[in-house]
K.L.:
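Below is the structure I would like to discuss, written out as structure tokens.
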Amino acid sequence: MHMIPPHIHRDFFNRDTVTVARALLGQLLVRNHPDTKEPIAGIIVETEAYLGVRDKAAHTYNYHRTDRVRTMWGLPGHAYVYFTYGLHHCVNCTTMPESTPQAVLIRALQPTHNLPFIHSMRPKAKSATNLCSGPAKLTQALDIARALDGADLCSDQSPLYIAQVRKRSHSTSKITASPRIGVNYAQEWAKKPLRFHLTGNLHVSRQ
DNA sequence: GTGTCGATAATCT
DNA sequence: GATTATCGACACG
């Protein structure tokens, strides 16, 4: 595509987590990778809110605090990257002030920048809408792993950051809310509408 | 298009 | 030793 807009301000993340999850839709996730001159990026089209110590689906439920989730307890606007299912990485944006361990999981991107790199990392993807249509697909596509845990999302010098495409108050597309994916163990928290996606977008993990 | 199932290892009990 | 904020392959039709 074309020029990448400026990086987002930390205040953006220092807000209610559901507000951030909705406001992130339409913004750009940008990866500065040492092996490629051009940034790799895509529009965020699907997110989930994880509401910290009282949310039974959150990694920080019941004040859980170990090395893995250290980043979630820190400042807003940082990448919380975790490894799961023995195979996959997923990336979150931390929200709320320090010591309020909440985050937004990025679940899908619409690729916009450096498509050759994305295709090289996802050689078996059968269609353009299958490149980044899931939380572990997009970390494969952008080569995001545990080494990026704690990266500052509010600097264009960072290996991973968010660029602000639209103003926080101005919505360009309709947003659909639905239950989060893969959290059936979380009892009453499994049904809450904490997943958000751009209505009708073809790059989401599911409609 | 749908559904089922195995892979695989860090993390926590 | 059990669990897991997933994916891709394969079987259907």
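Letters A, B, ... mirror the listed sequences (proteins, then strands); counts begin at 1.
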K.L.:
When the ring planes of H89(A) and F83(A) are compared, do they come out parallel, tilted or perpendicular, using 30° and 60° as the limits?
P.N.:
tilted
K.L.:
Taking a hydrophobic cluster as the set of Ile, Leu, Val, Met, Phe, Trp and Tyr residues connected by side-chain heavy atoms closer than 4.5 Å, whether directly or through intermediates, do L115(A) and I4(A) fall within one such cluster?
P.N.:
yes
K.L.:
Can you hop from I181(A) to F196(A) via hydrophobic side chains spaced under 4.5 Å?
P.N.:
no
K.L.:
Restricting both atoms to N or O, compile the protein contacts to nucleotides 1-5 of chain B shorter than 3.5 Å, with distance only.
P.N.:
none

K.L.:
Would the H33(A) and F117(A) ring centres measure less than 6.0 Å apart?
P.N.:
yes
K.L.:
Using a 4.0 Å heavy-atom cut-off to protein, can you give one letter per nucleotide of nucleotides 8-13 of chain C, 5' to 3': B if the base is in contact, S if only the sugar-phosphate is, - if neither?
P.N.:
SS----
K.L.:
Do we see a donor-acceptor contact under 3.5 Å between the side chains of Y50(A) and E48(A)?
P.N.:
yes
K.L.:
Atom OH in Y80(A), atom CG in L153(A): separation rounded to 0.5 Å?
P.N.:
14.5 Å
K.L.:
Evaluate salt bridge (Lys or Arg N to Asp or Glu O under 4.0 Å) for D143(A) paired with R122(A), printing each intermediate quantity in order.
P.N.:
CA-CA 10 Å; D143(A) 193 27; R122(A) 300 260 316 136; over 6 Å; no
K.L.:
Take atom CZ of R146(A) and atom P of dA9(B), then tell me their distance rounded to the nearest Å.
P.N.:
17 Å
K.L.:
In whole angstrom, what separates R70(A)'s CZ from dT11(B)'s P?
P.N.:
11 Å
K.L.:
Starting at CG of N184(A) and ending at C1' of dT4(C), how long is that distance when rounded to a whole Å?
P.N.:
13 Å
K.L.:
Of the candidate nucleotides dT11(B), dT8(B), dA5(C), which contains the atom at the shortest distance from the side chain of T66(A)?
P.N.:
dT11(B)
K.L.:
I need the residues from residues 78-85 of chain A with at least one non-hydrogen atom less than 4.0 Å from DNA chain C; give them sorted by number, or say none.
P.N.:
Y82(A), T84(A), Y85(A)
K.L.:
Between C1' on dT11(B) and NE2 on H88(A), what's the gap in Å once rounded to a whole number?
P.N.:
16 Å
K.L.:
Under 4.5 Å between side-chain heavy atoms, hopping through other hydrophobics if needed: is there a path connecting M96(A) to I106(A)?
P.N.:
no
K.L.:
Quick check: is V69(A) connected to Y61(A) through a chain of hydrophobic side chains (ILVMFWY, heavy atoms under 4.5 Å apart)?
P.N.:
no
K.L.:
Do we see a donor-acceptor contact under 3.5 Å between the side chains of T36(A) and N114(A)?
P.N.:
yes
K.L.:
Strictly below 4.0 Å: does R195(A) bring a side-chain N or O up to OP1 or OP2 of dA5(C)?
P.N.:
no
K.L.:
So, OP1 or OP2 of dA5(C): does either fall under 4.0 Å of a side-chain N or O from H59(A)?
P.N.:
yes
K.L.:
Determine, step by step, whether T71(A) and D149(A) satisfy the side chain to side chain donor-acceptor pair (under 3.5 Å) criterion, reporting the C-alpha distance in whole Å, the side-chain angles of both residues, the deciding distance to 0.1 Å, and the verdict.
P.N.:
CA-CA 7 Å; T71(A) 301; D149(A) 181 59; 2.9 Å; yes
K.L.:
Distance-only check: which donor-acceptor pairs under 3.5 Å involve side-chain atoms of residues 97-105 of chain A, not counting sequence neighbours?
P.N.:
residue	atom	partner	partner atom	Å
Q102(A)	OE1	T17(A)	OG1	2.7
Q102(A)	NE2	L51(A)	O	3.4

K.L.:
Round to a whole Å and report the spacing from OH of Y61(A) to C1' of dT4(C).
P.N.:
17 Å
K.L.:
Rounding to a whole Å, what distance do you find between R206(A):CZ and dT6(C):C1'?
P.N.:
10 Å
K.L.:
Using whole Å, report how far CD1 of I181(A) lies from C1' of dC7(C).
P.N.:
14 Å
K.L.:
For S133(A) and S205(A), test the side chains for any donor-to-acceptor distance below 3.5 angstrom and give the result as yes or no.
P.N.:
no
K.L.:
Just checking A136(A): base, sugar-phosphate only, or nothing, at a heavy-atom cut-off of under 4.0 Å?
P.N.:
sugar-phosphate
K.L.:
Report which part of the nucleic acid H64(A) touches: base, sugar-phosphate, or nothing (heavy-atom distance under 4.0 Å, all strands).
P.N.:
sugar-phosphate
K.L.:
R68(A) near the nucleic acid: base, sugar-phosphate alone, or nothing, with a heavy-atom cut-off under 4.0 Å?
P.N.:
sugar-phosphate
K.L.:
Would you mind reading off the distance between Y185(A) atom OH and dC12(B) atom P, rounded to a whole angstrom?
P.N.:
14 Å
K.L.:
Please list, in numerical order, the residues of residues 91-102 of chain A that have a heavy atom closer than 4.0 Å to any atom of DNA chain B.
P.N.:
none
K.L.:
For a stem of at least 3 consecutive Watson-Crick or G-U pairs with distances under 3.5 Å, i pairing with j, i+1 with j-1 and so on, which stems involve DNA chain B?
P.N.:
B:1-7 with C:6-12, B:9-12 with C:1-4
K.L.:
With the threshold set at 4.0 Å, does a side-chain nitrogen-carboxylate oxygen contact exist between R206(A) and E46(A)?
P.N.:
no
K.L.:
Quick check: is I144(A) connected to Y85(A) through a chain of hydrophobic side chains (ILVMFWY, heavy atoms under 4.5 Å apart)?
P.N.:
no
K.L.:
Measure centre to centre between the rings of H59(A) and Y82(A), then say whether the value is under 6.0 Å.
P.N.:
yes
K.L.:
Only one of L29(A), L131(A), I118(A) passes side-chain contact (heavy atoms from CB on, under 4.5 Å) with L138(A); say which it is.
P.N.:
L29(A)
